[in-house]
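Taking it in order: structure first as structure tokens, then the write-up.
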Amino acid sequence: MSWLDRYQPLAGVRLNMVVSPEGSFVDSNGSSRGISNELDRSLIVHLRSLSDVYVTGGNTARNEAYKVKEKPALAVITATDYELPGAIMLTPPAGVSAFPWVLATLTNRGFERILLEVGPSLAKEFLAGDLVDEFCLTLPSGTFELAEKVLEDFHSSLNLYSSEEIDGTLFTRWRRGNDSQG
């Protein structure tokens, strides 16, 4: 059994992020690719395969050069006129709480397994709003103390579900109430 097999489909909202040993979510180019590694990229591909839709912000979509594939669907949260052909563009209406609106819009379209691949400001909003069921945080050469600090800085109420180090990369998963789902 591969370590990736521990990650099973999750009905609900899963957030996936990587953080550098210095606590940064992006490299000098504004992309997470420079702080990621092969193991983290394997996890990203696997989590996408378990999802109905993956969601990113407009800045992340531009900085990471996201491409639309047939499956899973890609949704982009944006407040600008940014367009990514083939993606579901999500522009929350004025006066509406944006993050619950985004998730309600996606679930109303039939998406049950939602993967968030957003930057730290959007992640903080989703976590602070208690809208995330599982947070997968990867730390290439990072420490568990840094993982705890990230959760604290994001004002998350999630609890540690699992922690595993593979070839110097720490994989942590945080869940609501430490349930036993997948």
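On a predicted model such as this, the values are computed, not experimentally measured, just so you know. If you read the sequence from its start, that first residue is 1, and numbering goes on from there. Computed over heavy atoms, backbone and side chain alike; hydrogens, waters and symmetry mates excluded.
In this structure, Leu127 is a member of the same hydrophobic cluster as Val102, with clusters built from ILVMFWY side-chain heavy atoms closer than 4.5 Å. The same ILVMFWY cluster, assembled from side-chain heavy atoms under 4.5 Å apart, contains both Val55 and Met17. In the hydrophobic cluster analysis, where Ile, Leu, Val, Met, Phe, Trp and Tyr join through side-chain heavy atoms closer than 4.5 angstrom, Leu170 is grouped apart from Val18. Under a hydrophobic-cluster definition in which Ile, Leu, Val, Met, Phe, Trp and Tyr are linked whenever side-chain heavy atoms come within less than 4.5 Å, directly or via other members, Ile35 and Leu146 are assigned to different clusters. Placement of Ile77 and Leu106 within a single hydrophobic cluster is found when ILVMFWY residues are connected by side-chain heavy-atom separations under 4.5 Å, directly or transitively.
Judged by a 6.0 Å distance limit and a 45° cone about the ring axis, Arg173 is positioned over the six-membered ring of Tyr7.
A donor atom on one side chain and an acceptor atom on the other are not found under 3.5 Å apart for Glu22 and Ser24. Inspection of the Thr169 and Asp40 side chains reveals no N or O donor paired with an N or O acceptor under 3.5 Å.
Contact check on Arg48 versus Glu117 returns a salt bridge, with a Lys/Arg side-chain nitrogen under 4.0 Å from an Asp/Glu carboxylate oxygen. A salt bridge links Asp130 with Arg176: at least one charged nitrogen is closer than 4.0 Å to a carboxylate oxygen.
Applying the ring-ring contact (aromatic ring centres under 6.0 Å, His included) test to Phe144 and every residue at least two apart in sequence or in another chain returns Trp174.
No side-chain heavy atom of Leu115 sits under 4.5 Å from any side-chain heavy atom of Val13. A heavy-atom distance below 4.5 Å is found between the side chains of Leu90 and Ile88. Taking the side chain as every heavy atom from C-beta outward, His155 and Lys124 approach each other to under 4.5 Å. You'll find the side chain of Leu103 reaches within 4.5 Å of the side chain of Ile114, heavy atoms only.
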Intermediate values then yes/no, side-chain contact (heavy atoms from CB on, under 4.5 Å), Leu50 and Leu10: CA-CA 8 Å; Leu50 300 175; Leu10 176 77; over 6 Å; no

Verdict with reasoning, Arg6 to Glu164, per salt bridge (charged side-chain N to carboxylate O under 4.0 Å, His left out): CA-CA 11 Å; Arg6 292 182 193 73; Glu164 178 175 15; 3.5 Å; yes

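Shown here is Asp81, whose CG atom has no more than 12 heavy atoms of other residues, nucleotides or ligands within 6.0 Å. By the 6.0 Å contact criterion, CD on Glu148 is enclosed, its count of non-hydrogen atoms from other residues, nucleotides or ligands being greater than 12.
In this pair, Tyr54 and Tyr66 present their aromatic rings tilted. The plane angle is within the 30 to 60° band.
Judged as a ring-ring contact (aromatic ring centres under 6.0 Å, His included), the pairs with a partner in residues 74-132 (not counting sequence neighbours) are, in order, Phe99-Phe126.
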